[in-house]
Undergrad: 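Following this message is one structure expressed as structure tokens.
Every chain is numbered from 1 and lettered A, B, ... according to where its sequence line falls, protein lines coming before strand lines. Predicted model only: the values in this text are computed from it and were never measured. Any value given below was found using the heavy atoms of this structure, including those in side chains, with hydrogens, waters and symmetry copies removed.
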There are 2 protein chains.
Amino acid sequence: MSAAASQQPLGRRELIVERAAELLARKGIAGTTVREIGDAAGILSGSLYHQFDSKDAIIDVVMSAYLEDLLERYRVVLEQTDDVTATFHGLVLASLRAIDAHPQATLIYQHEVHYFRVTPRYRYVRVAGERVREVWIGALEAAVSEGVFRGDIPARHLYLLLRDGLWLTVRWFRPTAAYAFDELAADCSRLYYQAFASTRTLRALLDQSN
Amino acid sequence: MSAAASQQPLGRRELIVERAAELLARKGIAGTTVREIGDAAGILSGSLYHQFDSKDAIIDVVMSAYLEDLLERYRVVLEQTDDVTATFHGLVLASLRAIDAHPQATLIYQHEVHYFRVTPRYRYVRVAGERVREVWIGALEAAVSEGVFRGDIPARHLYLLLRDGLWLTVRWFRPTAAYAFDELAADCSRLYYQAFASTRTLRALLDQSN
DNA sequence: GTCTATACATAGATAGAC
DNA sequence: GTCTATCTATGTATAGAC
């Protein structure tokens with residue numbers, strides 16, 4: 001369903017952003033030239049500067065749309081549930097939906113950690129990343145303190161192991177008829193839930209499966 | 001303990017490779033210039049070409065040392081055990097040890113997937129990656145068919161979720177007195193073991209914890 | 001084996017015609 | 001709003017002196 005593949009005809013600006021995102025995700029920021037972006041969008045590189053101030057200005061459009069969407073999805077999850085288990089599954093699903101809607105931005109975010117860290121203009125990326133971390137650590141710590149998740153591994157490590165595994169599904173997952181997006185989401189949810197489960201939760205899981 | 005921080009004084013060639021690896025891991029291949037590598041090694045960029053044919057030739061040294069070390073560690077694990085559980089824990093530990101010994105190469109490998117895929121000279125990287133995949137999928141499928149690991153999620157997905165989580169520990173793990181490398185290894189081993197466990201294995205885990 | 005100097009290609013970005 | 005043309009900086013790599 002990939003929301004990135006919108007049905008309506010794209011405006012010039014949207015077309016440039018979409019083609020740029022694809023190149024940036026594949027070849028990296030430093031590895032993508034404005035000439036390539038122009039070629040992919042069917043115009044000369046100089047003409048890009050009529051619509052954007054710089055290469056980074058194009059990247060801004062890609063990244064801010066992604067990060068705003070992700071955080072908005074988290075906001076809805078946090079607002080609608082107060083049960084720690086439901087929150088966990090909700091965050092997994094929200095993350096995968098945002099990744100599915102913005103696969104290129106997800107890849108750029110993963111691959112350009114250093115660039116976003118050292119380039120002043122990308123403060124909003126760092127702030128959003130911090131907020132994502134807060135949401136997850138908060139949710140995981142709540143589950144730990146209620147005895148739903150294990151307390152023997154720091155919540156921060158649970159988060160980081162989940163995040164990199166989950167985010168990088170974008171690098172290998174392609175939906176098929178036999179294994180659709182919803183299957184992936186359900187599998188990830190179950191896998192990490194079992195991984196993070198306290199002994200009490202494991203006991204409940206086993207009772208359920210009998 | 002990081003084996004990368006060898007005690008002996010480095011030769012010129014080794015110094016160049018080490019400094020280059022650090023830059024390549026941080027700024028990416030396209031984002032690192034030969035001038036920067038020269039600066040970091042204390043010589044002019046032109047002088048690099050006395051020892052190496054090209055920038056890629058330096059990358060070769062970094063990547064092949066890493067991949068050979070990783071596969072050698074896997075070979076030892078596979079040779080020394082035939083129990084599926086021991087093999088699993090052995091592979092986790094071997095991976096983390098290789099990552100710990102070659103943190104920069106691990107980062108480069110993770111971030112430059114596309115470059116290694118499309119550049120002909122890096123066939124050995126692709127071959128090694130394929131071998132890593134084979135080893136893991138083989139080990140996981142054996143554990144599934146013995147009923148030790150769950151069969152409801154494709155072994156390939158178990159592998160990919162583990163790989164990206166485990167490999168990218170290099171991006172955030174820094175050993176401290178309170179939480180050393182061995183702790184991380186033990187935590188990762190337990191976490192993914194529980195994640196992958198079949199109901200039978202979970203039952204055994206619970207019995208054990210009583 | 002490193003330096004000076006430089007060749008040659010390509011990078012991001014700009015000016016002005018159309 | 002795109003094109004032609006080009007500026008300037010920087011990229012990898014090389015040649016030859018020391």
Undergrad: Phe52(B) has an atom CZ; how far is it from atom P of dT14(D), in whole Å?
TA: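 Rounding to the nearest Å, CZ of Phe52(B) and P of dT14(D) are 15 Å apart.
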Undergrad: Kindly point out which of dA13(D), dT2(C), dT14(C) is positioned nearest to the side chain of Ser47(B)?
TA: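 Per side-chain heavy atoms of Ser47(B), the pick is dT2(C).
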Undergrad: Nearest to the Leu44(B) side chain among dT4(D), dG12(C), dC3(C), which nucleotide is it?
TA: dC3(C)
Undergrad: To the nearest 0.5 Å, tell me how far Glu112(B) CD sits from Leu24(B) CG.
TA: 8.0 Å
Undergrad: How many whole angstroms separate atom CD1 of Ile37(A) from atom P of dA13(C)?
TA: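 Going from CD1 in Ile37(A) over to P in dA13(C) covers 10 Å.
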Undergrad: What is the separation between atom CD on Gln51(B) and atom C1' on dT12(D), rounded to the nearest whole Å?
TA: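 So the CD-C1' distance, Gln51(B) to dT12(D), works out to 18 Å.
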Undergrad: Which nucleotide in the set dA13(C), dT2(C), dG11(D) lies at the smallest distance from any side-chain heavy atom of Ile43(B)?
TA: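 When the side chain of Ile43(B) is considered, dT2(C) is the closest of dA13(C), dT2(C), dG11(D).
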Undergrad: Examine the base of dT12(D) for any acceptor or donor lying under 3.5 Å from a partner atom in the side chain of Arg35(B), and report the outcome as yes or no.
TA: yes
Undergrad: Nearest whole angstrom, please: distance from the P of dT12(D) to the CG of Leu24(B).
TA: 10 Å
Undergrad: Are Tyr179(B) and His157(A) an aromatic pair, judged by ring center distance below 6.0 Å?
TA: yes
Undergrad: Starting from P on dT2(D), measure out to CZ on Arg13(A) and report it in whole angstrom.
TA: 12 Å
Undergrad: I'd like to know if Arg12(B) reaches the base of dG1(C) with its side chain such that a donor and an acceptor end up less than 3.5 angstrom apart.
TA: no
Undergrad: Determine the sole option in Val77(B), Val132(B), Leu96(B) for which the side chain to side chain contact (heavy atoms under 4.5 Å, CB included) test with Leu91(B) is passed.
TA: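 Running side chain to side chain contact (heavy atoms under 4.5 Å, CB included) over Val77(B), Val132(B), Leu96(B) with Leu91(B) returns exactly one hit, Val77(B).
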Undergrad: Quick one: which of dA13(C), dT2(C), dT12(D) gets closest to the side chain of Lys55(A)?
TA: dA13(C)
Undergrad: Round to a whole Å and report the spacing from CD1 of Ile58(B) to C1' of dA13(D).
TA: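 After rounding, the gap between these two atoms is 12 Å.
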Undergrad: Between atom CE of Met63(A) and atom OH of Tyr122(A), what is the distance when rounded to the nearest 0.5 Å?
TA: 8.5 Å
Undergrad: Grab the CG-P distance between Asp39(B) and dC3(C) for me, whole Å please.
TA: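 Taking CG of Asp39(B) and P of dC3(C), I get 11 Å after rounding.
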Undergrad: Pick base, sugar-phosphate or nothing for Thr33(A), based on heavy-atom distances below 4.0 Å to the nucleic acid.
TA: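 Sugar-phosphate contact only - Thr33(A) comes under 4.0 Å of backbone atoms but never of a base.
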Undergrad: Is the phosphate of dT14(D) approached by Tyr49(B) (side-chain N or O, under 4.0 Å from OP1 or OP2)?
TA: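 Answer no for this pair, as no side-chain N or O of Tyr49(B) is under 4.0 Å from OP1 or OP2.
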Undergrad: What integer distance in Å separates Asp56(B):CG from dG11(D):C1'?
TA: 14 Å
Undergrad: Hey, does Leu161(B) have a side-chain heavy atom less than 4.5 Å from the side chain of Thr169(A)?
TA: yes
